[in-house]
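Below, chain A is the first sequence line, B the second, and so on; all start at residue 1.
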Amino acid sequence: MSTKPTERFHPDRLRKLEELEAAGVDAYPVASPEARRPTAEVRAEVEALDVPPGERSEAEAVVAGRVMARRGFGKLAFLDVEDQSGRLQVCVQKGAVPAEDFALLERLDLGDQVAACGVLGRTKVGEPTLFATGFTLLAKSLLPPPEKFHGLTDPELRARRRYVDLFANPEVREAFLKRADLVQAVRSTLLDHRYVEVETPVLHPIYGGAFARPFVTRHHALDMELYLRIAPELYLKRLLVGGIERVFEFARVFRNEGLSPRHNPEFTMLEFYEAYGDVRTMMDRTEEVVVAAADAVGLERDSEGRRVARFRGADYVLEPPFPRVRWADAFRERVGVDPTDRDAVRPLLERAGIEAAGDEGLPWWKAVNDLFEAEVEPHLAGPVFVTDYPAAICPLAKPTPGDPTWAERFEFFLGGMELANAFSELNDPRLQLARFEEQVASRDPEAPSAIDWDYVRALAYGMPPAGGCGLGVDRLAMVLLGRDNIREVLLFPHLRPE
RNA sequence: GGGGGCAUAACUCAGUUGGUAGAGUAGCUGGCUUUUAACCAGUAAGUCGCAGGUUCGAGUCCUGCUGCCCUCACCA
C-alpha cells in the first residue's frame, strides 16, 4: 500500500467515523438481510405501481448499497444507492426518519454502505424514489471513490484496484458479469451433450500437452520439483482410457512467457474430449460453443440477423458453418509454393531469417510452421478452421489415414488470434512413445524434459478413438465482449508487485 | 530485449517562448425540503514519478533510473 497517509485512511473520514462511534453508532454492524431487495427490483415495482410524480404509494421496501451520489438540501437529502442490480434514489427527510438516523447524514461520505427502509413513490420530477422512514450505516468508507463523472481511467490503477474499477465503472462490472454468463453457456452446451466436468491436477511432475515454458515449484515433503500445468490434456485423456467418454475442464494453465495484450501468464483454457469422435466432431462442438457464448453475451446482429462481433475495429460474422481451409492450401495461396516442396521452401525460410535445422522431421516442419505463422496467420482474421497440419508438429494428434505427412488437426482463428486447437487424438501407444522420444531429443526448452511413461502406459491399456479440443476462454471473451486487451477480461491480471 | 509515448492535488485533467502551481470533481465551513454531473458563498489541498545536469531561474530543456501504455520481437 502507498506510504501516503491520505491513502491509508482519509483523515476527514476517520474523524467522522470516530465521532459516529463516540455517539454510539456501530459503523460496521452485522447485517440482517431478510427484507432487503435489489434496487432494480424495487425500481421496477415503482414503475409498475404507476405512481404519479410527487405522490407516494403505500408499498414499502428495504434496500442496501453504496452511496454513489448525494444531493443535500439542509433538511432533505437525495442519495443514489447502488447495489449489484443498479441504482435507486433514496430520499431522507428530516422528521420522516428518527433524529439519530437523520444525524448520520452529517457524517456520511460517498462510498459508504447504507441501508434504508421506507415507502415507494416518485418525486416531483418523476424519479422513482424510496422515501426513507429509517436509515442506517452498514459500513463506513475510509477512502474516497474516484471522481464521479470520469470514474477511474488509468489502466494500471483500474487493474490494480479492480474492486474500485468494478464499482466506479458500471460497464466494467457488466463486462465481467457477461463473461460469467459466457462461461456458464459454454458449460451448459457441453453438459447438454452429456459431457462430465472434472478437475485434474495443477501440479505436474512432467509438463506436457503443449509447447511452453513452465513455472517451476517445489514440494518440500517429497523433495521434488513440480511444474504448474501448461495444459490439462494428458490427464483428461487418461480419463478417456478410464471410460469417462465425454469430459471437459475449465483449466487455469500457466505459461512462463511474456505478457502482451493477448497473453497473461495464467489463463483459462477449456479442454473437452469426446470418445468415438474425431477432429470433425470437434469442429461441430466448437461452432456450437462459440455460438452459445455469443448468444450468452447478447452479441449484436446485423441487418440480416447474423451474429456480428466487433473487435479491434473489424466485424466478424459468427454463423456456422465457419469457413475451413487446409493448412497446405493456405500456405500455398499466401507463400506461393507448396509446403512439401523442400527446395522451394528452403530459400524462403532463409529470406525470412528462420533457421532450418535438418530437412525433415520435427525441426524442419517447425521451421516451415514458423514461416506459416509469419506469413499466413496474420491474414487469418476468421472465423476460420485451418485443418490438416504437418504431422511432425502435432505429437499428440493422429496422422491422416493413408497420408502420414499430415495430422488430423485444426486450429480455429477468430479476431486474428488463435482461439482453439483440436485433434483426432493419437491413441497408438507405440507412435506416441516415438513422438515423445523425438520431442525430448530435440532439447527444445519448450518441449517436455522427460517422457511421460505413465501416459504411454495409459494408452497401452487402450484409449478409444476420440476428438479433443482446447479453447482459449479469455480470448473468446475478448472477441465477444469487444475488449482489445486480455487484461480487460481478467478480473486480476498479472501485474508487477506494487 | 528494440523503438515510440506518458508520469502535475484523493480523482479527471490544463499549464504558452524556461520567469511565484491551475480548473472541475471529491474534501472542509456556511446556506438551502424535490434534486439527479443539484445549486450559492467561502476554504484547504501538490517533494510537478525519482536522481543528477544546463541556467540568474526548470513542471517546462538534457542525461540516467523507475513505473505504465502502444508497438516490434517473443508467445504452437
Quiz item: Taking protein heavy atoms under 4.0 Å as touching, what does nucleotides 65-73 of chain B look like 5' to 3' if B marks base contact, S marks sugar-phosphate-only contact and - marks none?
Solution: --SSSSS--
Quiz item: With sequence neighbours excluded, what pairs up with A:E418 under the salt bridge (Lys or Arg N to Asp or Glu O under 4.0 Å) test?
Solution: none
Self-check item: Set of residues satisfying side-chain hydrogen bond (donor to acceptor under 3.5 Å, both in side chains) with respect to A:D428, sequence neighbours excluded
Solution: A:R430
Exercise. Count the heavy atoms belonging to other residues, nucleotides or ligands that lie under 6.0 Å from CZ of A:R213, then report whether that count exceeds 12.
Key: no
Check nucleotides 3-8 of chain B for protein N or O atoms closer than 3.5 Å to its own N or O atoms and list the pairs.
none

Exercise. Check salt bridge (Lys or Arg N to Asp or Glu O under 4.0 Å) between A:D452 and all other residues, then give those that pass, not counting sequence neighbours.
Key: A:R238
Exercise. Identify, with sequence neighbours excluded, every residue that meets ring pair (Phe, Tyr, Trp, His ring centres under 6.0 Å) alongside A:F372.
Key: A:W327
Quiz item: From A:Q432 CD over to A:K398 NZ, what is the distance, rounded to the nearest 0.5 angstrom?
Solution: 11.5 Å
Quiz item: Does A:R285 count as lying over the ring of A:F272, i.e. NZ or CZ under 6.0 Å from the six-ring centre, within 45 degrees of the axis?
Solution: no
Quiz prompt | Stem regions touching RNA chain B, defined by at least 3 consecutive Watson-Crick or wobble G-U pairs below 3.5 angstrom | solution = B:1-7 with B:66-72, B:10-13 with B:22-25, B:27-31 with B:39-43, B:49-53 with B:61-65
Quiz prompt | Which residue lies more 5' along RNA chain B, comparing A:K124 with A:L152 via nearest heavy atoms | solution = A:L152
Please list, for nucleotides 26-29 of chain B, all pairs of protein and nucleotide N/O atoms separated by less than 3.5 Å.
| unit_1 | atom_1 | unit_2 | atom_2 | d |
| --- | --- | --- | --- | --- |
| B:rA26 | OP1 | A:K148 | NZ | 2.9 |
| B:rG27 | OP1 | A:R70 | NH2 | 3.0 |
| B:rG27 | O2' | A:D12 | OD2 | 2.3 |
| B:rC28 | OP1 | A:K16 | NZ | 2.3 |

Self-check item: Non-neighbouring partners of A:E266 that pass salt bridge (Lys or Arg N to Asp or Glu O under 4.0 Å), sequence neighbours left out
Solution: A:R252
Quiz item: Can you check the A:D165 CG to B:rC11 P distance for me, whole Å?
Solution: 14 Å
Quiz item: What residues, two or more places apart in sequence or in another chain, satisfy ring pair (Phe, Tyr, Trp, His ring centres under 6.0 Å) together with A:Y227?
Solution: A:Y207
Quiz item: Contact class for A:G470 (heavy atom, under 4.0 Å): base, sugar-phosphate, or nothing?
Solution: nothing
Quiz item: Does the side chain of A:E233 come within less than 4.5 Å of A:F423's, by heavy atoms?
Solution: yes
Quiz item: Between the base of B:rU35 and the side chain of A:T123, is there any donor-acceptor pair under 3.5 Å?
Solution: yes
Practice problem: Would you jot down, in residue-number order, the residues of residues 77-89 of chain A having a non-hydrogen atom under 4.0 Å from RNA chain B? | Solution: A:F78, A:Q89
Quiz item: Under the salt bridge (Lys or Arg N to Asp or Glu O under 4.0 Å) test, which residues partner A:K366, sequence neighbours left out?
Solution: A:D444
